Amino acid sequence: MDQLLDELNPQQRDAVEATDGPVLVVAGAGSGKTKVITSRIMHLIQKGVSPYQILAMTFTNKAAQEMKSRVERVVGRDARDLTISTFHSFCALFLRREIAHLDRDSSFVIYDTSDQTTCLKRVIRSMDLEEKHYPAQKMRGKISYIKNTGDMEGRLSNEIEHNIYRAYQEELLAQNAMDFDDLLHLTCQILENFGEVQERYRRRFEFIMVDEYQDTNQIQSKLINLLLGEHRNLCVVGDEDQSIYGWRGADITNILHFDTHYPGTRVFKLEQNYRSTQPILDYANAVINQNKLRKPKKLWTDQETGLPVRIRDEYSGGIEAENIIQEIMGLRRRHDLEFSDFAVLFRSNALSRMLEENCRKYRVPFQLIGGLKFYDRKEIKDILSFMRIVVNPRDWTSFARAIGVPPRGIGAKSQDKLYTYFNSGLDIGEVMARAIEDKAFGGRGYKGLVAFEALYRNLVAWSKEYKPSVWLGKLVKALDYKDYLERLDDVGIESRIDNLEELLTSMEEQEKQGIETLSQFMDFSALVNDQDDVDPDQPRVNLMTVHAAKGLEFDTVFVMGLEDGVFPNQRTLDDNPNSLEEERRLFYVAVTRAKRRLYLSYARSRQTYGKVNRNIKSRFLKQPIVNPDQEPARSTGRPRTSGRWGSLDDQVGKMEAKLSALGAKADFSNVVNGGGGQDSSGTVSLQSGDIVEHASFGVGTVSLVMGRGSSQRVSVHFRDKRIRTFIAEKANLKKLGDS
DNA sequence: ATCAGTACGTTTTTT
DNA sequence: ACGTACTGAT
């Protein structure tokens with residue numbers, strides 16, 4: 001028991017021991033956040049709290065699983081009674097039990113993004129609207145946003161859009177379906193309106209914890225409030241500097257104003273970083289310092305030595321990608337690293353193509369996280385649509401898909417006819433039986449319908465008899481699905497069949513974890529995300545967006561595409577000028593993923609939409625380091641040979657040399673703080689370029705001066721190529737002269 | 001109903 | 001550049 005607390009630093013320990021009342025843990029990147037949450041759970045259990053009464057909310061299944069297994073390792077079987085889950089999984093489970101309160105059936109299906117779009121498309125079409133004026137995807141985004149924020153007027157621009165929204169909800173209801181956002185809404189609705197239910201859950205969850213609190217939106221914070229009993233034992237953990245989901249309704253003020261919303265809140269700040277070296281943290285601090293919407297916080301580490309952050313100016317996106325892959329190969333060889341120690345991060349998925357190509361070219365194994373998602377692939381969606389109609393015989397969206405797999409001669413016309421039956425309140429099985437009875441249409445379609453109806457009855461029967469994986473095998477066989485895939489496709493047959501196998505494997509895996517029904521499996525498949533795919537056991541280079549990288553760490557991180565308009569993303573900026581800070585937080589998240597090496601790069605030209613665009617270096621690279629006109633360490637124009645990755649510290653030195661050659665006064669101190677400030681401390685007056693001597697490290701050059709006063713830090717580039725960062729006041733550096 | 005050929009818009013991020 | 005979504009022919 002004591003050992004548990006001994007492994008924590010003082011701030012962490014305080015946070016763990018503060019079990020009663022509202023608690024806010026501000027946990028900087030890499031500060032041992034997960035450790036604090038899991039230790040807190042164990043601490044509660046050791047104090048005699050029943051695991052049954054503990055609820056922990058996370059954003060990804062991966063985080064939930066990780067926490068659960070960490071706790072399990074220490075407390076053993078007791079961990080089974082814990083509720084550690086994502087918001088969405090929690091709500092799905094809740095609704096399966098409680099949705100009868102809303103007079104709905106517990107066999108509802110959960111629609112993912114593309115199901116929503118399909119459904120919206122049909123709605124818009126049936127309203128006889130010009131689809132060009134009301135693109136289903138845009139509407140989907142708007143609807144989701146207003147569901148998450150409650151900001152109805154802010155997003156829906158006119159009466160017609162309101163009507164679409166209403167018709168969409170009606171359609172979902174008719175299909176006994178709900179989208180991701182409804183999971184939260186309906187849960188809140190039940191808790192709000194049925195005091196008995198609320199009381200039951202409040203009594204049960206005596207201790208509530210929320211991870212990644214900076215990314216909660218309005219509805220999530222509402223849910224927490226509804227679940228929170230009078231004990232107010234709520235502990236939220238997060239970091240406003242890592243809030244990157246504003247675009248989907250996350251409300252950073254939830255964390256910034258937590259202490260005013262919950263009077264009596266105790267706040268604990270975790271600033272010691274256990275992940276990265278000091279030069280990386282210095283850089284990260286300098287980046288995030290530019291933001292206004294935050295409370296002061298500064299990460300530090302006792303790993304003071306480390307390699308400098310490196311930056312590279314490239315001629316084109318293709319060369320950028322090639323150099324990254326080559327650098328990875330070189331580093332791996334020289335430093336005995338695994339491919340899985342590397343990650344390449346980018347702002348948007350479209351940037352990954354060049355990387356993929358170069359990985360193939362150099363035979364570097366890679367793993368692309370995101371992009372087209374497993375559960376979004378045709379073959380997987382096909383199969384899932386069958387599962388869904390078996391579980392929920394009102395799911396018209398899935399029915400419309402399944403009936404064309406493989407084609408059965410039932411096209412749009414015949415489907416319309418069937419839909420009129422459906423509209424009169426029948427479920428799918430009844431619709432088909434009636435249509436057959438009435439001979440609603442003839443010829444090929446009729447034969448197809450008879451066959452499909454028989455298959456459907458079989459599928460329903462099998463679902464009661466067999467476990468999901470066996471059921472799946474029978475379905476694939478009955479459809480002759482593999483054969484269908486082969487006829488369908490001239491490319492990608494193999495990968496499609498592979499995916500099918502993977503689905504089966506995943507299903508068997510889930511069965512081992514205790515899943516028994518198709519319905520449970522579908523909830524799982526709807527609610528997993530891409531991060532859940534990251535597989536550290538496979539030695540592959542990880543390629544992903546910065547968003548997908550949140551919460552992960554890698555020995556060496558490359559952040560590419562650092563051009564203005566790309567990162568920060570221009571569309572985001574156009575949408576909402578305030579989002580520059582969110583873009584910067586995104587950059588901050590990117591750089592804080594790195595443990596030991598951080599490489600940044602940008603390309604002067606890049607192909608998008610098949611067109612070549614010229615870009616300039618990202619303002620994120622300019623701001624924190626030196627003045628905006630700074631040239632990169634190496635001039636470009638000569639692809640491939642544009643040399644090595646220059647270090648930021650090198651650049652400062654070179655820049656200064658250049659300026660002094662011109663007779664200009666070189667002074668880069670305080671630039672990181674926005675410049676202009678005088679060093680008021682008076683104890684040390686170092687600036688970039690000064691030659692200094694340190695008692696144990698020897699002679700070196702000052703490469704960066706940051707901050708002022710007692711918190712001022714100085715980076716020194718020593719002769720033996722090591723970089724160390726010192727607290728200026730304490731370092732005892734002897735100035736030997738200017739450069 | 002299905003296929004082949006073509007026109008078009010897409011790409012910011014995702015539970 | 002690429003996938004989709006539409007058009008007209010079978």
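All values reported here derive from a predicted model rather than from experimental measurement. Letters go in sequence order (proteins before strands), and every chain restarts at 1.
Using a 4.0 Å heavy-atom cutoff across all strands shown, Leu586(A) reaches no nucleic acid atom at all. Looking at heavy-atom distances under 4.0 Å, Lys147(A) makes no contact with the nucleic acid at all.
Residues that satisfy the side-chain hydrogen bond (donor to acceptor under 3.5 Å, both in side chains) test with Arg248(A), not counting sequence neighbours, are absent from this structure. In this view, Thr420(A) satisfies the side-chain hydrogen bond (donor to acceptor under 3.5 Å, both in side chains) rule with no residue, not counting sequence neighbours. A search for side-chain hydrogen bond (donor to acceptor under 3.5 Å, both in side chains) contacts involving Tyr456(A) returns nothing, not counting sequence neighbours. Applying the side-chain hydrogen bond (donor to acceptor under 3.5 Å, both in side chains) rule to Gln570(A) yields the partners Asp574(A); only residues at least two apart in sequence or on another chain are considered. Residues passing the ring pair (Phe, Tyr, Trp, His ring centres under 6.0 Å) test with Phe346(A), sequence neighbours excluded: none.
Spacing of C1' atoms, dT12(B) relative to dA5(C), comes out at 23 Å, to the nearest Å. For the P atom pair drawn from dT13(B) and dT4(C), the interatomic distance equals 15 Å after rounding to whole Å.
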Given side chain to side chain contact (heavy atoms under 4.5 Å, CB included), test Met67(A) with Asp211(A) step by step and report yes or no. CA-CA 11 Å; Met67(A) 281 181 201; Asp211(A) 189 16; 3.4 Å; yes
As a quick check of understanding, evaluate ring-ring contact (aromatic ring centres under 6.0 Å, His included) for Tyr602(A) and Phe567(A), giving each step before the final call. CA-CA 10 Å; Tyr602(A) 60 96; Phe567(A) 198 168; over 10 Å; no
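In this model, a side-chain donor or acceptor of Thr572(A) finds a partner on the base of dT12(B) within 3.5 Å. If you check distances only, the side chain of Arg248(A) never reaches the base of dT15(B) with a donor-acceptor pair under 3.5 Å.
Under 4.0 angstrom from either OP1 or OP2 of dT14(B) there lies at least one side-chain N or O belonging to Thr545(A). Residue Asn349(A) places none of its side-chain N or O atoms closer than 4.0 Å to OP1 or OP2 of dT12(B).
Side-chain proximity of Arg571(A) to dT11(B), dT13(B), dT15(B): nearest is dT11(B).
Interface limits on DNA chain C: the 5'-most and 3'-most nucleotides within less than 4.0 Å of chain A heavy atoms are dA1(C) to dA5(C).
Atom CG of Leu223(A) is separated from atom P of dT15(B) by 18 Å (rounded to the nearest Å). Rounded to whole angstrom, the span from the CZ atom of Arg140(A) across to the C1' atom of dT11(B) amounts to 13 Å.
The aromatic ring of Trp247(A) sits over the base of dT13(B), with ring centres less than 5.5 Å apart and planes inclined by under 30°.
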